[in-house]
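As the structure is a prediction and not an experimental result, all values here were calculated from the model.
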Amino acid sequence: MKKSDDFQAAVRITASGHDPKSMLMQLKEKLAEEAGSLRSIGWVIFFCSGNIKPNHLADFWGDDFWDTHMNTRDTHIIGMVSSSQIGEGGYLDDGCCNIVAVLFAGEHFDVELGVLGELDRFELNDGYEFGRSVRGRLDERSRRRNQFGILLLNGAMTQKEECVVQAIQAGVGEGMTLMGGTAKADSSDALYYQVGSELVNDNDAAILVLCSTDLPVYCFSDHHFSAHQRQMVVTESVVHERTLKEIDGLPAAEILSRYLNSRWREIAAY
């Protein structure tokens with residue numbers, strides 16, 4: 001981590017336990033150890049397993065511990081339930097309660113937070129205006145030279161994911177590296193963000209954090225698709241449902257099972 005006057009620019013903390021209580025106790029201990037590493041906290045992002053419920057997190061973030069050790073009442077906090085979490089030793093055990101949190105130093109980052117709700121009624125212009133508004137607020141108050149953003153979506157909205165991301169990215173505009181993730185699709189408690197001192201749970205929203213900093217920003221890994229040697233043509237699909245029906249004129253599940261060595265009924269379930 002880059003340092004300035006012996007203070008860190010960001011700190012990553014992971015904790016695991018067999019139940020939420022033991023996991024959060026471990027997280028408290030690690031936060032206490034790192035409390036002196038940051039001069040101030042500008043914002044926090046976390047990813048947690050689905051067996052951690054909103055009341056566990058709300059109690060933790062509302063605890064006096066934050067006032068005593070971290071002074072975070074003006075800190076933006078965002079997070080989501082994810083299918084897996086990566087700790088210091090790699091992927092964390094799915095059977096445990098896991099959380100990975102990154103704390104960013106306030107003096108190094110100017111931050112704007114936006115929440116776009118009611119995605120079930122989403123229109124393209126909604127996403128564009130939302131992204132443009134959050135970007136405008138950041139540009140008005142910050143002149144730091146490097147910018148990046150993080151966008152979190154509800155996994156249950158995957159049929160609209162491309163439309164939402166594309167519209168928000170268009171509104172945010174050029175010169176902004178935008179990354180992010182989609183919450184675990186089968187989780188009823190998907191996304192979290194802070195309003196004042198309260199941690200809010202929202203399952204029908206997109207959460208956008210835009211940051212500017214004078215520190216260097218690099219995207220060191222970008223991987224989403226793996227190429228196959230054989231070229232194929234999509235001959236039928238339902239775009240608005242993100243459903244692939246035919247490849248090369250044959251049922252898509254049959255073709256994919258042939259090249260992915262999977263049973264077609266398992267693929268058809270998706």
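Rounding to the nearest 0.5 Å places CD1 of Ile99 at 5.5 Å from CZ of Phe46. One distance of note links CZ of Phe109 with CG of Leu215; it measures 5.5 Å at 0.5 Å rounding. Here the CD atom belonging to Gln26 is positioned 6.0 Å from the OG atom belonging to Ser16, to the nearest 0.5 angstrom.
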Query raised in the report: Yes or no on side chain to side chain contact (heavy atoms under 4.5 Å, CB included) for Met179 and Leu151, after CA distance, side-chain angles and deciding distance?
Result: CA-CA 6 Å; Met179 61 201 87; Leu151 176 64; over 6 Å; no
Report task. Determine, stepwise, if the pair Val209 / Phe148 fulfils side chain to side chain contact (heavy atoms under 4.5 Å, CB included). Result -> CA-CA 9 Å; Val209 168; Phe148 68 95; over 6 Å; no
Query raised in the report: How far apart are the C-alpha atoms of Gln147 and Arg135, what are their side-chain angles, what is the distance that settles it, and do they pass the side chain to side chain contact (heavy atoms under 4.5 Å, CB included) test?
Result: CA-CA 10 Å; Gln147 295 182 325; Arg135 176 68 182 272; 3.1 Å; yes
Query - Verdict with supporting geometry, Phe104 and Ile45, side chain to side chain contact (heavy atoms under 4.5 Å, CB included) - result: CA-CA 9 Å; Phe104 293 85; Ile45 183 171; 4.0 Å; yes
Query raised in the report: Would Asn98 and Ser49 count as a side-chain hydrogen bond (donor to acceptor under 3.5 Å, both in side chains) if you check the C-alpha gap in whole Å, the side-chain angles of each, and the deciding distance to 0.1 Å?
Result: CA-CA 5 Å; Asn98 307 312; Ser49 52; 4.7 Å; no
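With sequence neighbours left out, Asp126 forms a salt bridge (Lys or Arg N to Asp or Glu O under 4.0 Å) with no residue at all. Evaluation of the side chain to side chain contact (heavy atoms under 4.5 Å, CB included) rule for Val134 yields Glu112, Phe130, Arg137, Leu208, Leu210 as partners, not counting sequence neighbours. Take Asp19 and apply the salt bridge (Lys or Arg N to Asp or Glu O under 4.0 Å) test, not counting sequence neighbours, and it matches no residue. Partners of Asp248 according to the side chain to side chain donor-acceptor pair (under 3.5 Å) rule, which considers only residues two or more places apart in sequence or in another chain, are Arg230. Annotation: salt bridge (Lys or Arg N to Asp or Glu O under 4.0 Å) contacts of Arg132 (sequence neighbours excluded): Glu129.
The two atoms that bring Ala206 and Leu153 nearest to each other are CB-CD2, 3.3 Å, heavy atoms only. Heavy atoms only, all atoms of each residue included: Leu124 and Cys163 are closest at CD2-O, 3.9 Å. His108 and Thr213 make their closest contact through O-OG1, 2.8 Å (heavy atoms, listed as atom of the first residue, atom of the second, distance). Taking each heavy atom of Val111 and Cys211 in turn, the nearest pair found is CG2-SG, 4.0 Å. Scanning all heavy atoms of the two residues, the minimum distance from Ser212 to Leu138 falls at OG-CD1, 3.9 Å. Nearest heavy atom pair, residue Phe122 against residue Ala167, reads CZ-CB, 3.9 Å.
Taking 4.5 Å as the limit, every side-chain heavy atom of Val81 sits out of range of all side-chain heavy atoms of Phe47. Counting heavy atoms from C-beta outward, Thr14 and Lys30 have side chains that approach closer than 4.5 Å. You'll find the side chain of Asp214 stays beyond 4.5 Å of the side chain of Asn146, heavy atoms only. Here the side chains of Val217 and Thr177 are not in contact, with every heavy-atom distance at 4.5 Å or above. Looking only at side-chain heavy atoms (C-beta outward), Ile78 and Val44 stay at 4.5 Å or farther from each other. Two residues are said to be in side-chain contact when any heavy atoms from C-beta on lie closer than 4.5 Å; Ile247 and Leu244 meet this criterion. Thr243 has its side chain within reach of Lys245: a pair of non-hydrogen atoms, C-beta onward, lies under 4.5 Å apart.
A donor-acceptor contact shorter than 3.5 Å links the side chain of Ser257 to the backbone of Glu254. Although no hydrogens or angles enter the test, the distance criterion places no donor-acceptor pair under 3.5 Å between the side chain of Arg121 and the main chain of Gly117.
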Donor-acceptor contacts under 3.5 Å from residues 232-239 side chains, at least two apart:
| from | atom 1 | to | atom 2 | distance (Å) |
| --- | --- | --- | --- | --- |
| Thr235 | OG1 | Glu246 | OE1 | 3.1 |
| Thr235 | OG1 | Gly249 | N | 3.0 |

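Gln8 and Arg39 form no side-chain donor-acceptor contact under 3.5 Å, judged by distance and modelled atom types alone.
Taking hydrophobic clusters as Ile, Leu, Val, Met, Phe, Trp and Tyr residues chained together by side-chain heavy-atom distances below 4.5 Å, Val165 does not share a cluster with Tyr128.
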